[in-house]
Peer 1: 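Below are the structure tokens for one structure; questions will follow.
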Amino acid sequence: MKVLAVCGSKRKNGNTASLLNKTLEPFKSADIETEIIFPGDLQFSGCSGCEGCSSGRLCIVKDDMQKIYPKIIEADALIAGSPTYFFNMTSDMKKFIDRCYCFFSFDKTDRSVWISRLNQPACKFLGLISVCEQNNIADMGVTPSAMQSAFESLGYRTVFSQKVLFSFKAGEVLKHEDQLQAAYDNGVRLLKTLKMSKSFG
Ligand SMILES: Cc1cc2nc3c(=O)[nH]c(=O)nc-3n(C[C@H](O)[C@H](O)[C@H](O)COP(=O)(O)O)c2cc1C
């Protein structure tokens with residue numbers, strides 16, 4: 001069992017990273033392999049739409065995403081966290097998602113027929129964390145829904161979507177005990193979900 005976390009913020013001690021780490025705690029306690037990656041640390045470009053992946057291969061662009069694809073494939077669950085930047089996810093998270101386009105497979109003559117190779121043979125599970133500065137959910141914009149639609153299209157089933165308001169400075173969320181507890185509880189629920197799914201495998 002393996003869980004991959006993706007942090008859309010560049011701030012290692014920021015709010016998103018703090019919440020992701022809290023969510024991973026139950027997995028670490030259960031000796032389950034976890035990894036957190038920061039797309040902002042990696043050298044990769046956004047999807048160029050070259051369609052090099054259309055003939056059944058994965059992405060042909062030789063950059064740091066090539067190290068990440070095997071991690072995405074291996075992980076049973078993905079936890080994606082992003083701060084809100086201008087009512088949406090950050091460009092680091094968007095770039096990461098766009099490069100997952102290569103997991104889709106389309107019918108050669110009818111593009112309305114398609115699958116994601118990521119949920120073959122079994123679906124993967126998803127946790128989402130969105131963080132913003134303002135204390136009004138409208139100021140989070142489409143951050144949670146845009147991430148959810150994208151990852152669900154890739155074959156993930158959403159287990160939780162935590163929305164954290166009123167957190168501006170890096171690490172400020174550590175003062176919000178209720179949100180830290182919610183992040184931990186979400187981790188526990190995702191862990192139980194994974195164990196249940198494995199028990200049928
Ligand atoms: C470029 C930029 C755009 C932002 N846009 C919004 C926004 O639209 N709504 C909001 O509430 N907060 C916005 N924020 C605040 C961040 O979402 C907030 O500081 C968040 O806690 C940062 O998360 P981090 O600590 O994980 O980096 C913005 C911050 C930056 C730097």
Side-chain angles (χ1 to χ4, degrees), residues 2-29 33-47 63-65 67-68 71-72 75 77-100 124-152 154 156 158-191:
K2 198 172 164 187
V3 178
L4 180 67
V6 182
C7 184
S9 170
K10 288 183 169 60
R11 302 202 291 192
K12 300 286 182 320
N13 297 316
N15 300 313
T16 312
S18 303
L19 289 159
L20 285 170
N21 280 316
K22 200 62 175 167
T23 309
L24 291 176
E25 275 181 19
F27 295 94
K28 289 178 183 162
S29 304
E33 195 180 343
T34 65
E35 183 174 357
I36 178 163
I37 60 166
F38 291 80
D41 283 350
L42 304 171
Q43 298 298 319
F44 70 102
S45 57
C47 178
D63 59 18
D64 280 354
M65 272 307 283
K67 294 187 283 192
I68 305 302
K71 296 178 193 288
I72 298 171
L78 186 126
I79 307 173
S82 180
T84 295
Y85 276 14
F86 284 95
F87 309 97
N88 210 327
M89 69 185 91
T90 61
S91 53
D92 283 349
M93 179 59 78
K94 184 67 168 65
K95 201 166 70 153
F96 172 84
I97 289 174
D98 286 352
R99 286 293 297 277
C100 290
K124 294 180 185 288
F125 295 94
L126 176 72
L128 291 171
I129 298 173
S130 308
V131 190
C132 81
E133 161 187 359
Q134 300 298 328
N135 203 13
N136 180 348
I137 191 76
D139 290 303
M140 189 164 263
V142 298
T143 311
S145 60
M147 288 197 289
Q148 186 165 347
S149 301
F151 284 113
E152 286 187 354
L154 284 163
Y156 291 87
T158 307
V159 175
F160 65 85
S161 179
Q162 185 176 6
K163 298 163 188 129
V164 181
L165 310 176
F166 216 31
S167 301
F168 170 57
K169 291 186 194 145
E172 200 171 359
V173 76
L174 295 172
K175 290 188 238 159
H176 299 217
E177 271 304 324
D178 53 337
Q179 293 296 350
L180 294 177
Q181 187 61 50
Y184 184 88
D185 292 346
N186 284 333
V188 171
R189 196 145 54 90
L190 182 58
L191 174 56

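Just follow the structure's listing: the first ligand is 1, and inside any ligand the first atom is 1. As a basis for the values below, the full set of heavy atoms in this structure was taken, side chains included, without hydrogen atoms, waters or symmetry mates.
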Peer 1: Measure from NZ or CZ of Lys10 to the centre of the six-membered ring of Phe38, then state whether that distance is under 6.0 Å and the direction lies within 45° of the axis.
Peer 2: no
Peer 1: side-chain contact (heavy atoms from CB on, under 4.5 Å) for His176 and Ser167? Distances and angles first, verdict last.
Peer 2: CA-CA 9 Å; His176 299 217; Ser167 301; 3.9 Å; yes
Peer 1: Identify the closest protein heavy atom to atom 9 (N) of ligand 1: which residue and atom is it, and at what distance?
Peer 2: Asp139 O, 3.0 Å
Peer 1: Short list, please: which atoms of ligand 1 are under 4.0 Å from a heavy atom of Val131?
Peer 2: 17 (O), 21 (O)
Peer 1: Just so I know, are the side chains of Phe44 and Arg99 near enough to count as touching, which here means a heavy-atom distance under 4.5 Å?
Peer 2: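 With C-beta onward as the side chain, the pair touches.
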Peer 1: For atom 18 (C) of ligand 1, what is the nearest protein heavy atom, given as residue, atom name and distance?
Peer 2: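 Here the nearest protein heavy atom works out to Ser167 O, 3.5 Å.
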Peer 1: Among protein heavy atoms, which sits nearest to atom 26 (O) of ligand 1, and what does the distance come to when rounded to 0.1 Å?
Peer 2: Thr16 OG1, 2.6 Å
Peer 1: Under the criterion side-chain contact (heavy atoms from CB on, under 4.5 Å), I'd like the reasoning laid out for Val131 against Val173: C-alpha separation, chi angles, the key distance, then a yes or no.
Peer 2: CA-CA 9 Å; Val131 190; Val173 76; 5.6 Å; no
Peer 1: Considering non-hydrogen atoms of the protein only, which is the closest contact for atom 27 (O) of ligand 1, and what is the distance?
Peer 2: Ser9 OG, 2.6 Å
Peer 1: May I have the step-by-step check of side-chain contact (heavy atoms from CB on, under 4.5 Å) for Thr158 and Phe125, ending in yes or no?
Peer 2: CA-CA 6 Å; Thr158 307; Phe125 295 94; over 6 Å; no
Peer 1: So, is Phe86 polar-close to ligand 1, with some N/O to N/O distance under 3.5 Å?
Peer 2: yes
Peer 1: Please write down residue, atom name and distance for the protein heavy atom closest to atom 2 (C) of ligand 1.
Peer 2: Tyr85 CD1, 3.6 Å
Peer 1: Considering only heavy atoms of Asn15, which atoms of ligand 1 have at least one such atom less than 4.0 Å away?
Peer 2: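 The atoms of ligand 1 under 4.0 Å from a heavy atom of Asn15 are 21 (O), 24 (P), 25 (O), 26 (O).
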Peer 1: Does Lys124 use its side chain to pair, donor to acceptor, with the backbone of Ala75 at less than 3.5 Å?
Peer 2: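 Yes, the answer is positive, given that a donor and an acceptor are paired below the 3.5 Å cut-off.
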Peer 1: What about Phe168: any of its N or O atoms under 3.5 Å from an N or O on ligand 1?
Peer 2: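 Yes; the residue has a nitrogen or oxygen that sits under 3.5 Å from a nitrogen or oxygen of the ligand.
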Peer 1: So, the side chain of Thr84 versus the backbone of Phe87: is there a donor-acceptor pair under 3.5 Å, distance only?
Peer 2: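 No, Thr84 side chain to Phe87 backbone: no donor-acceptor pair under 3.5 Å.
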Peer 1: Tell me whether Lys169 has any N or O atom under 3.5 angstrom from an N or O of ligand 1.
Peer 2: no
Peer 1: Which atoms of ligand 1 have any heavy atom of Gly14 under 4.0 Å away?
Peer 2: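 Those of ligand 1 that fall under 4.0 Å from Gly14 are 25 (O), 26 (O).
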Peer 1: Kindly identify the option in Arg11, Met140, Gln134 whose heavy atom sits closest to atom 22 (C) of ligand 1.
Peer 2: Arg11
Peer 1: Heavy atoms only: which of Gly141, Pro83, Gly171, Ala170 is nearest to atom 23 (O) of ligand 1?
Peer 2: Pro83
Peer 1: When you measure from atom 8 (O) of ligand 1 to every protein heavy atom, which one gives the shortest distance, and what is it?
Peer 2: Phe87 N, 3.0 Å
Peer 1: Which atoms form the tightest heavy-atom contact between Leu20 and Ile129, and what is the distance?
Peer 2: CD2-CD1, 3.8 Å
Peer 1: Measure the acute angle between the ring planes of Phe96 and Phe151, then classify it against the limits of 30° and 60° as parallel, tilted or perpendicular.
Peer 2: tilted
Peer 1: Name the closest protein heavy atom to atom 6 (C) of ligand 1, giving the residue it belongs to and the distance to 0.1 Å.
Peer 2: Thr84 O, 3.4 Å
Peer 1: Mind listing the closest non-hydrogen atom pair of Pro26 and Thr23 along with its distance?
Peer 2: CD-O, 3.2 Å
